[in-house]
Novice: 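First, the structure itself, so that you have it in front of you.
Lettering follows sequence order; numbering is per chain, from 1. These figures come from a predicted structure and were not determined experimentally.
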Amino acid sequence: MSQDLAPRYEPGAIEPARYAAWQDGGYFHVSPDRVLDEGAEPYVIVIPPPNVTAVLHMGHGLNNTIQDVLIRWRRMQGRASLWVPGTDHAGIATQNVVERQLAAEGKTRDDLGREAFVERVWDFVGETGGAILEQLKSIGCSCDWDRTRFTLDEELNRAVREVFVHLYEKDLIYRGEYIINWCPRCHTALSNEEAEGHETGGSLWHLRYPLAESAWGAAAAAAEDGAEAVGRTDDGRWYLTVSTTRPETMLGDTGVAVHPDDDRYRALVGADVLLPLTGRTIPVVADAYVDRSFGSGMVKVTPAHDPNDFDIASRTGIEVLDVMADDASMNDAAPEAFRGMDRFDARKAVLKALEAEGLLAGRDDHTHTVPHCYRCDTVVEPRLSLQWFVKMKPLAEPALAASRDGTITFAPARWTKVYEHWMENIRDWCISRQLWWGHRIPVWYCDCGEVVVAREDPDACPKCGSSDLTQDPDVLDTWFSSQLWPFSVFGWPEKTRDLAAFYPGHSMVTAPEILFFWVARMIMMGYEFHGKAPFTEVYLHGTVRDAKGRKMSKSLGNGIDPLEVVETLGADAMRFTLVSQCAVGTDIHLDHEDVEGAFSSGRNFANKIWNAGRFALLGLGDAPVASLDAVADDLQLEDRWILSRTHRAATEATRNLERYRLHEVADGLYHFFWGEVCDWYLELVKGRLAEGADPASRAAARTTLATVLDRAMRLLHPIMPFITSELWQRLPRPGGQTVEGDLIVAAWPEHDEAWSDPEAEAALAALQEFVAEVRRLRKEYNVPEGERVTIHLAGGDPTVHETVRGQSEALERLARVGAVTAGSGTGVGAHGVLRGGGEVFLPLEGLIDLAQERERLSGEVTRLQGQLEGARRKLANEQFVSKAPDEVVEKEREKARSLADQVDKLQDKIRQLGGGED
RNA sequence: GGGCGCGUAGCUCAGUUGGUUAGAGCGCUACGUUGACAUCGUAGAGGUCAGAGGUUCGAAUCCUCUCGCGCCCACCA
């Protein structure tokens, strides 16, 4: 086994081949037999299906890296670890993309007609769709590609049908005319969640509505009583003042409302108002919705274009008048002068016309939240429309209970409240979309009035027998099918083996943005159709942002292409960087202007791992490596130490994985591997690996090294699968054991308790401290790197002293590390005191300016005395001594002893240096 | 208008139930290439833990208020 590794990790030469090997090995596929027949415990994640037209961005990179880490970890734990991939047809988004293509050809979807248009979308999806799944492979995702699903697959269509019909039959789906959010650009209704509120600076206009002459008497009386909304023009006409942020809607006003208990306006209720510009007369009505204390306490009512006004109309019986077309231009119900005008042009025109008639009372600056389409950012128009809805309240109940009783947990936990608040205040869900791309609503209408809602397309009307049925033209909200994903991917409503084996799943990893859109609804559907939540843990990670904290987006051009990172730095570098920044609940910042810098920690770490592996392989050579048992008696301090640290690293990594503390997993393994394995163990063991070293010691070192690297590769594998797999393959196995398969299915290390060795850890910690102190002193006194110095060890706590003395072999090696030799010395020198007791002395005759040194030491004495004073005060405090844990008090005592000791030593030193000058 | 979160080193952030000398990465400074790695090594500088008050023997951590950010939800025209 001659090892010939490049001195740098070259991802391009490694990663694609390793991925191919995993795929060829069939490691990603999980058969239900493993669960149902072999009794393996399942672990299931369903991917948040990216839009079928999507191109991989860093957000996907983060989301899928996290999932892959979890899946790989559980797989190594021996679970039937299944990750189901797939894509979402993404109704509006995909339709918009294709419509844009058509627009470039000068065509609209209407030019093609429904059938041809849908065919065109399928062509488009067939050509470029799902490319993102291929891209996921390059970042190492170990999805079960045999199970790739698409929300418009035949199988999933059946699930959608079943759910729609089931809910309809339970009276949980209904059709009705209500105010919905309408996107005038997409020409479709939207759900409440799809209308995103953006704070917008605008105007609040005050309009004057003249009163019919019959009401002038009442108006005059009201004005007398101080009714602010009532006024009189110069020519003596009485009018009411109302306010609005959308003046164009006044064309659709059918009333003016006041609060029934508002004494100011009581006499005006029932009065006729001459609605300007329209020639219509509308009534003043009383409704408790009106807030007497807001503005003038009088509000214009536009039932067809405002949800509250619609409610007022339904209570008071006033007319409902829709004055807008699908594109939000003014329709034929509007006065001729405004017909066909865009709503914003109409706004200006209305204001101008009112001003001309002296009916514009003024305007105020006004910031308020304006809903925008989440797909095209157009201002959404509230509009009366006939749509299909899901009654959510009954569905929400078990989903809410699941969170309250801990059946489902959220990480970070604070999302629990957000979720529950939404569930508690849930509103019905508008599910019909006036689009062509999506699941057609399974409802047919017959001329006889019969409405057929069916799982299978009906041939004839069950009531009158007519075969002339018309299917509802609308499609379902994209999220209607997404919400079924955790079970539709397994073939439901068929009772499949997959379903039995893999539902319910376990972790749901996604971004908080789609908590309501998707996560909440999946939970509701899980309960409705299976009586069980679709997963038990929801892990919500942060957003990927640029260096300035802006969300990465195509339009801002501040994105980083994951594939570019993979190509230049490697998937492992990217994965590690993402995971190490993935602290619970915080966003990830990456500088798109310095991609290499942004991922340098991952790149550097990958290279470090590579070189540690390279060194080990060179050092181990081709000779067989003994088993750990065989060398047990020959293990040195550093061997026992690193084994103990390895066990500790494994324990901590496992614990943090269980709690979704991925940042701490990455951080912990980074410091274990770099700081302990590389910086200390490899350095300590170098001499023992050499040909001429003591054979027993050499054998122990070789075994320990191979064992530790084996464990380290396993631990790092979920985060950095490529490099670890590559190296692990080449490592010799202690005891000559042969291991089948790839690292991807090697056992996760968590049963090495026997390696725990607190004594070795304490001893090596003391040695580390000693070496660090020697190095520090050398630096401080500018002892040239190559120069050997004599050190002197004396005094201090006997335990530490003995530990240092007792490990003379280790100490010699440590001395090599620090380029010092152990020995004894006297006279003037550098003086270091070890924390646990013990001291280092470096003779420094001729190396330094003695007067300067004396001054420095005096300052040091003053500082230490201050600290000592503080420690003594603390110990004199009875409360502290009696209430603090013994351990803490003891440490404080030790600290005081040590400080006092140091002060004495330094004062001695000053005397030596000073020669009596002070 | 409600709710949530944040403010810790130059930058980006960790800091589990209050308890040794508050940490990391990047950046910065000095020195160093005797072959695993300069994508490296060693050492170092740098923090009133936003501010004020309180609880406690002890507070970055718990409580109250103030200031400054960010997010979510909501029908005040």
Side-chain angles (χ1 to χ4, degrees), chain A residues 5 7-9 179 192 197 204 242-246 249 257 289-291 293-302 306-311 366 368-369 382 412 414-415 417-418 421-422 425 512-513 515-516 543 545 547 549 569 573 577 580-581 583-591 594 596-598 600-619 655-656 659 661 663-664 667 670-671 678-679 682-683 686 772 775-780 782 784-786 817-819 835 867 874 877-885 887-892 894-895:
Chain A
L5 304 188
R8 281 189 188 183
Y9 176 55
I179 300 282
N192 295 323
L204 182 62
V242 293
S243 303
T244 181
T245 54
R246 297 185 292 154
T249 63
Y289 164 75
V290 180
D291 181 350
S293 59
F294 186 86
S296 63
M298 187 168 284
V299 53
K300 67 192 266 307
V301 186
T302 320
D306 183 285
N308 300 308
D309 292 5
F310 180 77
D311 291 343
H366 187 72
H368 60 147
T369 308
R414 65 188 154 87
W415 291 105
K417 251 191 187 171
V418 177
H421 180 260
W422 187 79
N425 298 287
E513 291 108 86
L515 181 60
F516 307 141
T543 306
R545 299 178 181 281
L569 309 172
T577 303
S580 69
Q581 285 195 43
V584 171
T586 54
D587 291 340
I588 288 182
H589 294 250
L590 297 166
D591 188 350
D594 179 17
E596 198 165 328
S600 61
S601 71
R603 180 200 58 176
N604 294 354
F605 189 38
N607 193 57
K608 189 71 179 180
I609 294 170
W610 181 254
N611 274 291
R614 190 165 154 249
F615 167 77
L617 291 169
L618 286 168
R655 207 171 111 253
N656 286 321
R659 299 188 303 165
R661 301 183 74 99
H663 148 79
E664 287 175 46
D667 203 47
Y670 179 93
H671 287 106
C678 293
D679 288 348
L682 291 183
E683 294 302 329
K686 270 178 180 169
R775 286 173 180 164
R776 199 187 62 72
L777 292 169
R778 291 176 57 103
K779 289 281 181 185
E780 190 173 336
N782 295 317
E785 290 281 334
V817 175
R835 201 188 318 156
Q867 282 187 19
K874 206 166 178 182
N877 183 329
E878 278 178 39
Q879 299 269 33
F880 171 71
V881 176
S882 61
K883 289 191 182 173
E887 209 181 279
V888 175
V889 177
E890 191 41 51
K891 270 169 183 166
E892 196 64 27
E894 200 178 290
K895 183 176 156 189

Novice: Send over the distance from A/Leu515 CG to B/C71 C1', rounded to a whole Å.
Specialist: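 Taking atom C1' of B/C71 as the reference, CG of A/Leu515 is at 13 Å.
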Novice: B/U16 and B/C62: how far apart are their C1' atoms, nearest whole angstrom?
Specialist: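 About 15 Å, rounded to a whole number of Å.
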Novice: How long is the line joining OH of A/Tyr670 and P of B/C40, in whole Å?
Specialist: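 So the OH-P distance, A/Tyr670 to B/C40, works out to 8 Å.
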Novice: Looking at A/Tyr289 and B/C75, is any side-chain donor or acceptor paired with a base atom of the opposite kind under 3.5 Å?
Specialist: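 Yes.
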Novice: Expressed in angstrom and rounded to an integer, what is the separation of A/Asn607 atom CG from B/A38 atom P?
Specialist: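 After rounding, the reported distance stands at 7 Å.
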Novice: Atom NZ in A/Lys300, atom CZ in A/Arg246: separation rounded to 0.5 Å?
Specialist: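 Rounded to the nearest 0.5 Å, the NZ-CZ separation comes to 7.0 Å.
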Novice: Roughly how far apart, to the nearest Å, are B/G51 and B/C67 at atom P?
Specialist: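 That atom pair is separated by 16 Å.
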Novice: Of the nucleotides B/G25, B/A36, B/U39, which has the atom closest to the A/Lys686 side chain?
Specialist: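 So the side chain of A/Lys686 is nearest to B/A36.
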Novice: Go ahead and name the base partner of B/A45; Watson-Crick or wobble counts if both distances stay under 3.5 Å, otherwise write none.
Specialist: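 None - no nucleotide pairs with B/A45, as no candidate has both distances under 3.5 Å.
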Novice: Whom does B/C4 pair with, Watson-Crick or G-U wobble, provided both distances fall under 3.5 Å?
Specialist: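 Its partner is B/G70.
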Novice: When you measure from the side chain of A/Thr245, which nucleotide among B/A43, B/G25, B/A77 comes out closest?
Specialist: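 Comparing B/A43, B/G25, B/A77 against the side chain of A/Thr245, the answer is B/A77.
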Novice: A/Trp610 vs A/Tyr9 aromatic rings, parallel, tilted or perpendicular, using cut-offs 30° and 60°?
Specialist: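 Ring orientation of A/Trp610 relative to A/Tyr9: tilted.
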Novice: Mind checking who B/U17 pairs with, Watson-Crick or G-U wobble, both distances under 3.5 Å?
Specialist: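 For B/U17, the partner nucleotide comes out as none, under the 3.5 Å rule.
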Novice: Of the options B/C13, B/A77, B/G19, whose atoms approach the side-chain atoms of A/Leu204 most closely?
Specialist: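 Taking heavy atoms from C-beta onward, the closest nucleotide is B/A77.
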Novice: Just N and O in the side chain of A/Lys300: are any of them under 4.0 Å from OP1 or OP2 of B/A77?
Specialist: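 For A/Lys300, the contact criterion (side-chain N or O under 4.0 Å from OP1 or OP2 of B/A77) is not met.
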Novice: Nearest whole Å is fine: how far is B/C75 C1' from A/Ile179 CD1?
Specialist: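 In whole Å, B/C75 C1' and A/Ile179 CD1 are 11 Å from each other.
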Novice: For a quick check, tell me whether the side chain of A/Thr369 and the base of B/A74 share a donor-acceptor pair closer than 3.5 Å.
Specialist: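 In this structure, the two groups form a donor-acceptor pair.
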Novice: Distance check, C1' atoms only: B/U64 and B/C76, in whole angstrom units.
Specialist: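 My reading of the C1' atoms in B/U64 and B/C76 gives 32 Å.
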Novice: Calculate the interatomic distance between A/Leu5 atom CG and B/G35 atom P; express it in whole Å.
Specialist: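 Going from CG in A/Leu5 over to P in B/G35 covers 19 Å.
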Novice: Pairing check on B/C62: which nucleotide meets the Watson-Crick or G-U wobble criteria with it, both distances under 3.5 Å?
Specialist: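 Looking at the geometry, B/C62 pairs with B/G54.
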Novice: Heavy atoms, side chains only, cut-off 4.5 Å: are A/Thr577 and A/Phe605 in contact?
Specialist: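 No - every pair of side-chain heavy atoms lies 4.5 Å or more apart.
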Novice: From the set B/A77, B/C4, B/A24, return the single nucleotide nearest to any side-chain atom of A/Arg414.
Specialist: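 Closest nucleotide to the A/Arg414 side chain: B/C4.
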Novice: CG of A/Asn656 to CD of A/Glu664: how many Å apart, nearest 0.5 Å?
Specialist: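 One finds 5.0 Å between CG of A/Asn656 and CD of A/Glu664.
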Novice: May I ask you to test the A/Asp306-A/Thr249 pair for a side-chain heavy-atom distance under 4.5 Å?
Specialist: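 No, every pair of side-chain atoms sits at 4.5 Å or beyond.
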Novice: Please name the residue in the list A/Asp311, A/Asn308, A/Asp309 that meets the side-chain hydrogen bond (donor to acceptor under 3.5 Å, both in side chains) test with A/Tyr289.
Specialist: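 Of the listed residues A/Asp311, A/Asn308, A/Asp309, the side-chain hydrogen bond (donor to acceptor under 3.5 Å, both in side chains) partner of A/Tyr289 is A/Asn308.
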Novice: Regarding B/C37, can its base be found pairing with the side chain of A/Lys608 as donor and acceptor, where the two atoms are less than 3.5 Å apart?
Specialist: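 Looking at the base of B/C37, it does pair with a donor or acceptor on the side chain of A/Lys608 (distance under 3.5 Å).
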Novice: Between B/G3, B/G15, B/A77, which one does the side chain of A/Lys417 approach most closely?
Specialist: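 The closest nucleotide is B/G3.
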Novice: Look at all strands and tell whether A/Leu590 reaches a base, only sugar-phosphate, or nothing, counting heavy atoms closer than 4.0 Å.
Specialist: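 The residue A/Leu590 makes no contact with any strand.
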Novice: Any side-chain N or O of A/Asn604 less than 4.0 Å from the OP1 or OP2 oxygen of B/C40?
Specialist: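 Yes, within the criterion.
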Novice: If you compare every side-chain N and O of A/His421 against the phosphate oxygens of B/C72 (OP1, OP2), does one of them come in below 4.0 Å?
Specialist: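 Checking A/His421 against B/C72: no side-chain N or O falls below 4.0 Å of OP1 or OP2.
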Novice: Starting at atom CD of A/Glu878, determine the distance to atom P of B/U56, rounded to an integer number of angstrom.
Specialist: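 Roughly 17 Å, once rounded to whole Å.
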Novice: So do A/Thr543 and A/Glu513 actually touch side chain to side chain, heavy atoms under 4.5 Å?
Specialist: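 A/Glu513 reaches A/Thr543 side chain to side chain.
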Novice: Would you say a side-chain N or O of A/Arg8 is under 4.0 Å from OP1 or OP2 of B/U39?
Specialist: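 Result: yes.
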Novice: Between A/Asp594 (CG) and B/G25 (P), how many Å, whole number?
Specialist: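 It is 18 Å, rounded to the nearest whole Å.
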Novice: Counting only Watson-Crick or G-U wobble pairs whose two distances fall under 3.5 Å, which nucleotide matches B/C40?
Specialist: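 Per the H-bond distance test, B/G32.
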Novice: Work out how far the C1' atom of B/U55 is from that of B/A14, and round it to whole angstrom.
Specialist: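 Per the computed distance, 27 Å lies between those C1' atoms.
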Novice: Which sits closer to the 5' end of RNA chain B, A/Gly295 or A/Pro7, going by the nucleotide each is nearest to?
Specialist: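 Here A/Pro7 is the residue nearer the 5' end.
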Novice: Confirm from the modelled atom types if A/Arg659 and B/U16 form a donor-acceptor pair under 3.5 Å, side chain to base only.
Specialist: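 Answer yes: a donor N or O sits under 3.5 Å from an acceptor.
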Novice: Which one, B/G15, B/A77, B/C37, comes nearest to the side chain of A/Glu683?
Specialist: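 The answer is B/C37.
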Novice: Taking the P atom in each of B/A30 and B/G46, what is the distance between them to the nearest angstrom?
Specialist: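 B/A30 and B/G46 have their P atoms separated by 16 Å.
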Novice: Sticking with atom C1', work out how far B/A22 lies from B/A9, rounded to a whole angstrom.
Specialist: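 Comparing C1' positions in B/A22 and B/A9 gives a spacing of 11 Å.
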Novice: Given B/A77, B/C73, B/C13, which nucleotide is nearest the side-chain atoms of A/Phe516?
Specialist: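 The listed nucleotide nearest to A/Phe516's side chain is B/C73.
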Novice: Let me confirm one number: the OG-CG distance from A/Ser601 to A/Asp667, rounded to the nearest 0.5 Å.
Specialist: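 Taking OG in A/Ser601 and CG in A/Asp667, the distance rounds to 10.0 Å.
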Novice: Between A/Tyr9 (OH) and B/C37 (C1'), how many Å, whole number?
Specialist: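 The answer, rounded to whole Å, is 15 Å.
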Novice: Which nucleotide sits closest to the side chain of A/Gln879: B/G5, B/C57, B/C37?
Specialist: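 Taking heavy atoms from C-beta onward, the closest nucleotide is B/C57.
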Novice: Counting only side-chain N and O atoms of A/Lys883, is one of them less than 4.0 Å from OP1 or OP2 of B/G58?
Specialist: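 Answer no for this pair, as no side-chain N or O of A/Lys883 is under 4.0 Å from OP1 or OP2.
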Novice: Which value, in whole Å, describes the distance between the C1' atoms of nucleotides B/G44 and B/G7?
Specialist: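 Taking atom C1' in both B/G44 and B/G7, they lie 28 Å apart.
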Novice: Output the single nucleotide from B/C40, B/A77, B/G19 whose closest atom is nearest the side chain of A/Asp291.
Specialist: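 So the nucleotide nearest the side chain must be B/A77.
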Novice: Under 3.5 Å for both donor-acceptor distances, Watson-Crick or wobble: does B/A24 have a partner, and if so which one?
Specialist: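 With both distances under 3.5 Å, B/A24 matches B/U12.
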Novice: So does A/Arg775 reach the base of B/U42 with its side chain, donor to acceptor, closer than 3.5 Å?
Specialist: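 Side chain to base: no pair below 3.5 Å.
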Novice: Quote, to the nearest angstrom, the C1' distance that separates B/U61 from B/U17.
Specialist: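 Between the two C1' atoms, the distance is 11 Å.
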Novice: Does NZ or CZ of A/Lys686 fall inside the cone over A/Phe615's six-membered ring, less than 6.0 Å from its centre and within 45° of the axis?
Specialist: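 Yes, A/Lys686 lies over the aromatic ring of A/Phe615.
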